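Here is the structure we will look at, set down as structure tokens.
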Amino acid sequence: MPKLTIDGIAVEVPPNTTILQAAESVGVEIPRFCYHDRLSIAGNCRMCLVDVEKSPKPVASCAMPVGEGMVVHTKSDRANKARGGVMEFLLINHPLDCPICDQGGECDLQDQAMAYGFDRGRFHENKRAVKDKYMGPVVETVMTRCIHCTRCVRFATEVAGVPQLGATGRGEDMEITTYLEGALSSELSGNVVDLCPVGALTSKPYAFNARPWELRKTESVDVMDAVGTNVRLDARGRVVLRVLPRVNEDVNEEWMADKSRHAVDGLRYQRLDQPYVRKNGKLQPASWDEAFGAIVTKIKGLPGSKIAALAGDTVDAESMMVLKDLLTALGSGNLDCRQDGAALDPSVRASYIFNSTIAGIEQADAILIVGSNPRKEAPVLNARIRKRYLRGGVAIATVGDAIDLTYKYEHLGADAGLLSRIADGSHPFAATLKSAKKPMIIVGMAALTRADGAAVLAAAKSVADNCGLVKDGWNGFNVLHTAASRVGGLDLGFVPGAGGKDTRGILAGASGGEIEAVYLLGADEINTAKLGKAFVIYQGHHGDRGAHRADVVLPGAAYTEKDGTYVNTEGRVQRGLRAVFPPGDAREDWTIIRALSEKLGKTLPYDSIGQVRARMYYVNPLFSGVDKAQAADWKPFGAAGAVAATGFDYPVKNYYMTDPISRASRTMAQCTEEFVLAGSKQMTGTHG
Amino acid sequence: MSTRSLAKDQPASFAFNADYIAQAKRVIAKYPAGRQASAVIPLLDLAQRQEGWVTKPAIEEIAKILDMAPIRVLEVATFYTMFNLAPVGKTHVQICTSLPCWLRGSNDVVRACKEKLGIGMGEMTPDGSFSLGELECAGACVNAPVAQIGDDYFEDLDHASTGKLLDAFKRGEKPKAGPVIKRDSSAPAGDAITLTENPAPPQKQDFAAAKAAFEEAKAEAAAKAAAPKA
């Protein structure tokens, strides 16, 4: 291991470390624009120049490997002068329009110019101007500001896997552009905005909205998919203006999917801000007392078996806990958090979580994806698979449709029956799994929501058992969820109790008349026509499918408006904090159910969220391990059966609209138009 | 140089002809398997030879052949000014206007071209036979000023010789490439001014006489040593 001295600090680092990384390990910060931890090294901005003794010139520390006995000075006069020169050159063609630039206040160039900028300009020629480029509905461009660091080009090529960005021309005429100025068709395109060290790429929906120092920053967890991306909610007043990713190496690294980032404007439209009661076939505004009164009139006296509850995809664990306790108090076991009817087995935790963990993907050497489109269902997780793919030495295969996942894979076929052949070893991919050190299977919701979902789950289990996916220190059986609340609901047991009905049973019962009251807790992804004549209570934050069918609407809070616990697909318990208050009369969800329980004469003993959480720890101690992905024991599960030799029906048809928030979002509507409808729409002669 | 981008009017399709497909295969085979992208410059050149310029469908076709993203091919095509991104005339005349050529009179050469062809820089004659362009340093400064016409350099030009050269092209001739004045490639112009005479032949040496003289001197020295000291 080479030893070197950086600013008088002796440090020993592994070989092939760069000077910049070595300096960072001892807390010496070196300015940079083009260098980024998670991208390949470009070495083209020259801002990281340092002085190395016995070297005739300053060296670019981001690209220079350490050498034995090197003596590095990062703050010497020569290094500072060199950086000052680089900065002066960068600013020659930079417009210095900081007062009207959205990056102002959080701009690398602005910050570093404070330290290295020359106090006047010596360039008296005209600055260059560059035409702005179209990059889609979420990325705004002001290309004159670009300093050609190529971070966005490298991100698109390496991480996102959509090589559409590039630098055309050369020298002064170099321009960053997409091919023929098409939209950047990636579910991760918003990340180029975070990566851009200047204001060349900024967020289009957030353009000219706020300055960073005006924003109140709250740490939270994203609910748009089941990855549980760690986010920061930036709010001003009562509005969340933008969402940015937080670094969490185990979950999202520092990436974030476009829906998680940009659906947030949906929180401003279609909101339920007061209770409604259906009178004469029409929903009429009502007070909380009237709404509760209508519910009490209907439910009091109903036997438990005639009451049911369904939990939606974005609800927090606290409200599910309280609703489950209310249903139990009412004597009902008809409750389910699997509104898509997925055949998940709640009794064995290992059967419904992503056991290998997301970070574990990087160790896998054989991956079988069954009935899942991770690119649409969990873009950040898909980027992790691509990261693994780029390192090489991994066999990836899919059973399902041949879709573009941004990496190459072996397409085994669309037929779910292949699973049984892999399980009994008659398929060649079984040998690949068996010979792999850390093989894994990813089972998607498309596989489990089929009519024979239970049999598919059992077949996947036998693949895991027969091909050695589960061994000491490695569990390669993974379920990729699409709903942020799903694992939390299963962990809390928000599933049919003894003699209770599941989603299909509840819907059948409601159409048949055996179930007379259905409580929808943010459940919108069901076929509301099947609710028949049942009395429907909808509690949620958007006037979406569920609220349209409801007889009583109780306005709840969206994920930005309440403290909540969410469990992601790998079983990681995460906490989100409230950034703003819910609009109008809307309340935090668990408090609504608590208030209703009192009206129903079944008062639940919760007066604070702490008491609800204490109850959750009691029901499932896992909930006390916040931010930990706790391993689950491998036990028998699934009901073996015949798997029909048919394909899959993928749950995410339009990535940009999957839940009430994204359906209400304007940005997501624009994305839908650009990426989803454009291909199917007949182009008129006036297009482009 | 200005921003280089694809021309507005593009043909609908592009395909290499049989001969160029064979050549392209030969080029690709030069590189190790999986490194076929290295063949992008030769393939762009082939496309330009076939069509006269690099078209958008050609870029996409090359991207497909080499399994690259189209933007990667576009990056290369826009980087090198030798690739024409818009149609050029049958005879594409490029004048080097960089400093050494300018000092040696490239302005006269440009003027001659404009007069003879009736077009300006970056333009094409209406019949499509000639187009005129600028060239960054052609690397032939010793023969400045230089014009590149097709694949050939025509060197040591001036106003008059440029006019003659273009006339020859107009007549459909193929003038000889290289210096247009009396000069052998980049050797000094005109006749040699040094080493003009034949060098004197080496003197013949009389080894026998030299040997005799040496022996005589030796004997004399021996006699001197033997003689008693006075």
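Bear in mind that the values here come from a model prediction, so they are computed numbers and not experimental data. Residue numbering restarts at 1 for every chain, and letters A, B, ... go by the order of the sequence lines.
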Next item on the list: Could you please spell out the steps behind the side-chain contact (heavy atoms from CB on, under 4.5 Å) verdict for Glu175(A) and Thr78(B)?
Entry: CA-CA 10 Å; Glu175(A) 293 186 358; Thr78(B) 54; over 6 Å; no

Looking at [X] and [Y], what are the two nearest heavy atoms and their distance?
X         : Y         : answer
Ala69(B)  : Pro163(A) : CB-O, 3.3 Å
Glu75(B)  : Ala167(A) : OE2-N, 2.6 Å
Tyr179(A) : Leu74(B)  : CD1-CD2, 4.0 Å
Thr177(A) : Ile71(B)  : O-CD1, 3.8 Å

Check: Using non-hydrogen atoms only, which part of Val153(A) is less than 4.5 Å away from chain B: side chain, backbone, both, or neither?
Finding: side chain

Notebook entry, point to check: Contact part of Thr178(A) toward chain B, heavy-atom cut-off under 4.5 Å: side chain, backbone, both or neither?
Noted result: backbone

From [X] atom [atom1] to [Y] atom [atom2], the distance as rounded to the nearest 0.5 Å:
X         : Y         : atom1 : atom2 : answer
Gln10(B)  : Leu180(A) : CD    : CG    : 9.0 Å
Arg72(B)  : Gln164(A) : CZ    : CD    : 10.5 Å
Asp173(A) : Thr81(B)  : CG    : OG1   : 11.0 Å
Glu181(A) : Ser5(B)   : CD    : OG    : 9.0 Å

Check the surroundings of atom [atom1] in [X]: do more than 12 heavy atoms from other residues, nucleotides or ligands lie under 6.0 Å from it?
X         : atom1 : result
Lys64(B)  : NZ    : no
Lys116(B) : NZ    : no
Arg154(A) : CZ    : yes
Phe123(A) : CZ    : yes
Asn16(A)  : CG    : no
Trp53(B)  : CH2   : yes
Asn126(A) : CG    : no
Arg128(A) : CZ    : yes

